[in-house]
Amino acid sequence: MAHDEIVACENLTERDMTAIAAQLAQYVRAGDMVLLSGDLGMGKSTFARALIRALLDDPGADVPSPTFTIVQSYPLEDGTEIWHTDLYRLSGPEDVYDLGFDDVLDDTLFLVEWPDRLPEDMQDTALQIRFSAPTPDDRTVSFCGNADWQERLRGASLS
Amino acid sequence: MSDKQPHIISPANSDGSRPLTVLGIETSCDETAVAVVTADKRILAHKILSQVDTHAEFGGVVPEIAARQHISSLDHLIAATLKEAELTMADIDAVAATTGPGLVGGLMVGVMTAKALATASGKPFIAVNHLEGHALTARLTDDIAFPFLLLLTSGGHCQLLEVSGVGNYKRLGTTIDDAAGEAFDKTAKLLGLGYPGGPAVEREAAKGNPDRFKLPHPLKGKPGCDFSFSGLKTAVRRLAETCVSERGALYEDDRADLCAAFQQAVVRSLTDRVQRAVTDFRSRHGAKSYPLVIAGGVAANKAIRAALVKLATEEDMIFYAAPMELCTDNGAMIAWAGLERLLVTPTLNDMDVSARPRWPLDENASSRIGAGKKGAKA
């Protein structure tokens, strides 16, 4: 699967990450799979929270960590949903089917933390966002995806 | 305004021959638990199957989706619980099950099993909110009257609740990101300690110097009673990386000092928020002594418990902690909450209620996001 880097944003503060998430909110929709990968404390949840709040158009919305419940779902006004999921506690792809991901793929925007447990076919068409910290105090966020994502994010000012 | 409701529990079932008896089922996350509880506050039987032991070897990773585990063990656990209570379904007056919030698969297993059992034996089904179970546990184990202030803090929840009656809860604060127990688990993971993280971090903290590292005090002094723990974990990671780059490795004393600093920051954050909640609570109920109840697995941490006991004394509140075995998820709290609801509404039957993965205890306060809307798979 060809997942080319679309853009990498470096030297980010938390505020920068929030702004980038809000930008991205304009380009994602139900049916999309967005994968958030990176170690603990790299900012995956912070980014997901900002993205969800932008999509809900509610800067104060409760967005609790999905680690314990594995899935936190957020209904959108058009009848679709956001599923914010943390697959950390799962053992592998079969658990993802048990959770019913495949039943709602078309009507749901998935934000997936720890996506290595996701079945490969679900990863193929995903937008991959990688979080890293070159030094303890700043973050790099890089976006990778197939040609479709390259095209869709062409006009986005993510950096 | 703050009249205490008399704490009267109707002692008998409909024909008056024995105390009202409820079977409770809890399957909202990792534990499969069943218990039988009576209106005279006896726990006749109480069984829990936890997956935590199995998880330890995986460093906290759940090797099974809870639902599968619940399906394979629930029937057997119910039979074993009834046997231990020396009862049959004929002796049970109602079947209660956790209906939310939680992981949808597990909730559905518990709710369907409870409904089937209730239908087959001609008893009502009672849908219980998991948080309500924790909230009312103190009334099962101690004679605590309404209203009281509850700090519920576990791996999945961190909330301050004003409990004014059965079904009458006001959420004063909640975590805006990670729960306190989750922060302990993630910190343990970052520092290469064992699972579950709470006891591991507490052990290390006891050996460490809490003042060597400076950690942020999340939301300290900010208005309201919300919590935030995600930033602490990130700060611990950053400090650990700095240690490694300066000393070449994370040494034992680094780890102990980081744990001590982390635990101290959690203690300070919790006490700061609880203190604000006491003030808020008193603005509605007056200056009397009220119970301050702590529930949830994090209550096992001795430093946290000691700080809250001290705070309660200073604030002239009466400190209660549920017994440890009822602090983590269990069936007794669900049976008891069901029983309390049944006593308030004797004709109660929730047969038309389905599993609700998102179910805030105080729906009005949480109506910001789709409260009342059932979860996607419910």
Side-chain angles (χ1 to χ4, degrees), chain A residues 14 38-46 48-49 52-53 55-56 58-77 79-83 85-92 94-101 103-104 107-108 114 117 133-139, chain B residues 28-30 55 58 60-68 101-106 154-158 174-179 181-183 185-187 189-190 226 229-242 244-245 357-358 360 366 368-371 373-378:
Chain A
E14 186 173 329
D39 225 332
L40 273 178
M42 290 291 163
K44 299 185 296 296
S45 291
T46 303
R49 183 169 297 113
I52 291 165
R53 285 177 172 165
L55 288 162
L56 295 171
D58 179 357
D62 279 1
V63 183
S65 159
T67 301
F68 193 69
T69 53
I70 301 175
V71 177
Q72 293 278 356
S73 59
Y74 301 85
L76 294 169
E77 276 179 6
T80 63
E81 299 206 345
I82 307 165
W83 276 28
T85 77
D86 181 341
L87 307 187
Y88 185 76
R89 307 196 318 130
L90 305 191
S91 58
E94 66 281 8
D95 288 346
V96 171
Y97 291 113
D98 281 357
L99 284 168
F101 276 36
D103 297 341
V104 296
D107 308 315
T108 306
W114 299 97
R117 278 79 161 170
T135 71
D137 287 310
D138 70 60
R139 297 287 191 282
Chain B
S28 68
C29 199
D30 297 344
H55 298 172
F58 294 89
V61 180
V62 172
E64 282 266 323
I65 281 284
R68 265 205 304 265
L103 189 50
V104 66
S154 64
H157 306 285
C158 193
T174 185
T175 179
I176 59 170
D177 41 54
D178 297 354
E182 178 182 351
D185 279 339
K186 287 183 172 173
T187 296
K189 176 86 185 160
L190 278 169
D226 283 344
F229 294 107
S230 171
L232 273 184
K233 159 198 78 191
T234 306
V236 167
R237 188 189 63 79
R238 205 169 55 226
L239 288 167
E241 282 175 0
T242 308
V244 172
S245 66
R358 285 178 72 83
S366 309
R368 289 181 291 190
I369 310 164
K373 186 180 187 304
K374 289 176 184 173
K377 297 272 287 177

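None of the values given here were measured: they were computed from a predicted structure. Below, read A as the first sequence line, B as the second, and so on, with proteins coming before strands; counting in each chain starts at 1.
With rounding to the nearest 0.5 angstrom, the OG1 atom of A:T46 is 7.5 Å from the CG atom of B:D177. Taken from CG in B:D226 to CG in A:D62, the straight-line distance is 7.5 Å, to the nearest 0.5 Å. Rounding to the nearest 0.5 angstrom, the gap separating the CG atom in A:D39 from the CD atom in B:E241 is 8.5 Å.
Residues forming a salt bridge (Lys or Arg N to Asp or Glu O under 4.0 Å) with B:K233 (at least two apart in sequence, or on another chain): B:D178. Legend: residues meeting side chain to side chain donor-acceptor pair (under 3.5 Å) with A:R139, ordered by chain and number and at least two apart, are absent.
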Run the side chain to side chain contact (heavy atoms under 4.5 Å, CB included) test on B:K186 and A:T67 for me, step by step, so that the C-alpha distance in whole Å, both residues' side-chain angles and the decisive distance to 0.1 Å come before the verdict.
CA-CA 10 Å; B:K186 287 183 172 173; A:T67 301; 2.9 Å; yes
Quick one, A:Y88 with B:K189, criterion side chain to side chain contact (heavy atoms under 4.5 Å, CB included). Give me CA distance, side-chain angles, the key distance, then yes/no.
CA-CA 12 Å; A:Y88 185 76; B:K189 176 86 185 160; 2.5 Å; yes
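Residues B:R237 and A:G41 share a closest heavy-atom pair of NE-O, 3.3 Å.
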